[in-house]
There are 2 protein chains.
Amino acid sequence: MNNKANRSGCPISSMLDIFGDKWSLLIIRDLIFSGKSTYGDFLKSDEKIATNILASRLLSLEENGVIKKLEHPDSKAKVLYILTDKGIDLLPVLLEIHFWSEKHLSISPEIQLLLKEVKKDKEKFIKTKTKELKAMFDVK
Amino acid sequence: MNNKANRSGCPISSMLDIFGDKWSLLIIRDLIFSGKSTYGDFLKSDEKIATNILASRLLSLEENGVIKKLEHPDSKAKVLYILTDKGIDLLPVLLEIHFWSEKHLSISPEIQLLLKEVKKDKEKFIKTKTKELKAMFDVK
DNA sequence: AAAATCACTTGCAAATTAAAAGTAATTATC
DNA sequence: GATAATTACTTTTAATTTGCAAGTGATTTT
């Protein structure tokens with residue numbers, strides 16, 4: 001994979017140079033919303049990413065400073081993946097994607113309900129969740 | 001291209017089933033921020049999309065109800081592409097991507113300045129721009 | 001009538017993805 | 001303490017997608 005390609009100076013284009021595929025943002029989603037943190041965790045997600053693709057995406061996200069690899073506290077056989085501040089800051093992007101999907105695609109009632117709650121005070125949710133994530137990933 | 005794949009019920013995943021590549025959101029960007037509306041316009045963008053890729057993405061976006069093809073008022077040789085409401089509603093997503101890129105990647109001073117303005121009142125900007133786009137694409 | 005423009009399509013090589021099997025280190029089990 | 005699981009990958013190979021270049025056919029301009 002050529003991760004270094006910077007196709008233009010456009011902010012959207014530059015962001016897509018990193019995340020413009022079907023998998024990278026799902027890893028971020030798992031880290032932010034599902035408390036997943038290991039290679040095995042990510043493999044278990046519903047979308048069933050292939051092992052080699054997962055490895056290449058984790059490497060790419062690490063190279064781009066979005067995630068970090070750490071020793072797992074429970075076992076030397078495990079690796080702990082955490083979000084950097086750069087990664088945590090993707091929360092607003094993922095939230096707006098959620099809102100768009102809720103409005104324009106068919107989404108499960110449970111998630112709809114959750115999003116309706118979040119929508120009541122976006123800024124507050126972002127602040128609270130960001131703080132939570134920073135605390136969670138900071139100790140490490 | 002298989003556009004029908006719905007990998008899971010997750011809103012993020014479903015959105016990526018449509019936009020999870022390096023090009024689709026750039027077309028939306030061009031429609032929202034650059035006033036582009038023809039095949040030739042999109043080809044001229046800095047990222048230099050290949051002609052066959054552009055054609056396949058335009059088809060995919062149309063099939064997904066994000067854009068529409070119309071007769072061009074100026075010429076029968078041209079085709080006018082416009083955003084649907086579903087497409088216009090991607091504005092908040094693109095804005096948050098902009099903000100993320102501005103914070104974490106190197107972005108030109110001019111764009112930084114523009115974004116700083118937008119940030120002062122996000123909601124207002126979104127409302128104004130949305131209204132503008134709806135008016136623009138509604139007459140057609 | 002001829003040349004240019006416009007929106008594509010086609011053909012092919014190169015790159016990426018996906019599926020499956022394999023590996024090495026560590027940990028749990030008998 | 002040996003054996004089987006688990007964990008995080010890597011490797012291999014086939015299928016799909018991308019990217020480049022060269023068409024094509026319908027308009028439009030010269």
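So that the names make sense, note that chain A is the first sequence line, chain B the second, and so on, each numbered from 1. Predicted model, so just to flag it, every value in this text is computed and none were measured.
- Atom CG in A:Leu26 sits about 14 Å away from atom P in C:dT17, given to the nearest Å.
- No side-chain donor-acceptor contact under 3.5 Å links B:Asp17 and B:Ser14.
- Here B:Glu96 pairs with B:Lys122 in a salt bridge; the nearest charged N to carboxylate O distance falls below 4.0 Å.
- One atom, CG of B:Leu59, and another, P of C:dA7, lie 16 Å apart when rounded to the nearest Å.
- A:Trp23 has a side-chain polar atom (N or O) that falls below the 4.0 Å cut-off from OP1 or OP2 of C:dA18.
- Heavy-atom distances to DNA chain C give each of A:Lys76 and A:Ala50 a nearest nucleotide, and the one nearer the 5′ end belongs to A:Ala50.
- Interface remark: the B:Thr51 side chain does form a donor-acceptor pair with the C:dT9 base, using a distance-only criterion of under 3.5 Å.
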Are any protein N/O atoms closer than 3.5 Å to N/O atoms in nucleotides 5-8 of chain D? If there are, list each pair with its distance.
from  : atom 1 : to      : atom 2 : distance (Å)
D:dA8 : OP1    : A:Val79 : N      : 3.3
D:dA8 : OP2    : A:Gly40 : N      : 2.7

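- Contact annotation for A:Asn52: base contact, defined as any heavy-atom pair under 4.0 Å involving a base atom.
- For the pair B:Glu102 and B:Lys119, the salt-bridge criterion is met [side-chain N within less than 4.0 Å of a carboxylate O].
- The pair B:Glu47-B:Lys22 fails the salt-bridge criterion, with no side-chain N (NZ, NE, NH1 or NH2) lying under 4.0 Å from an Asp/Glu carboxylate O.
- Atom CD1 in B:Ile53 sits about 16 Å away from atom P in D:dT16, given to the nearest Å.
- Sparse packing is recorded around NZ of A:Lys76, with 12 or fewer heavy atoms of other residues, nucleotides or ligands lying under 6.0 Å away.
- Rounded to a whole Å, the CD atom of B:Glu62 is 13 Å from the C1' atom of C:dA7.
- Spacing between atom CD1 of B:Ile27 and atom C1' of C:dA7 amounts to 14 Å, rounded to whole angstrom units.
- Computed from coordinates, the A:Leu54 CG to C:dT16 P distance equals 18 Å when rounded to whole Å.
- Salt bridge absent: B:Glu132 and B:Lys127 never bring a charged side-chain N and a carboxylate O closer than 4.0 Å.
- B:Leu114 and B:Ile97 fall into different hydrophobic clusters, where Ile, Leu, Val, Met, Phe, Trp and Tyr are joined by side-chain heavy atoms under 4.5 Å apart, directly or via other members.
- Rounded to whole Å, the distance from CG on A:Leu43 to P on D:dT10 is 13 Å.
- For the pair B:Asp17 CG and D:dT17 P, the interatomic distance rounds to 13 Å; values are reported in whole Å.
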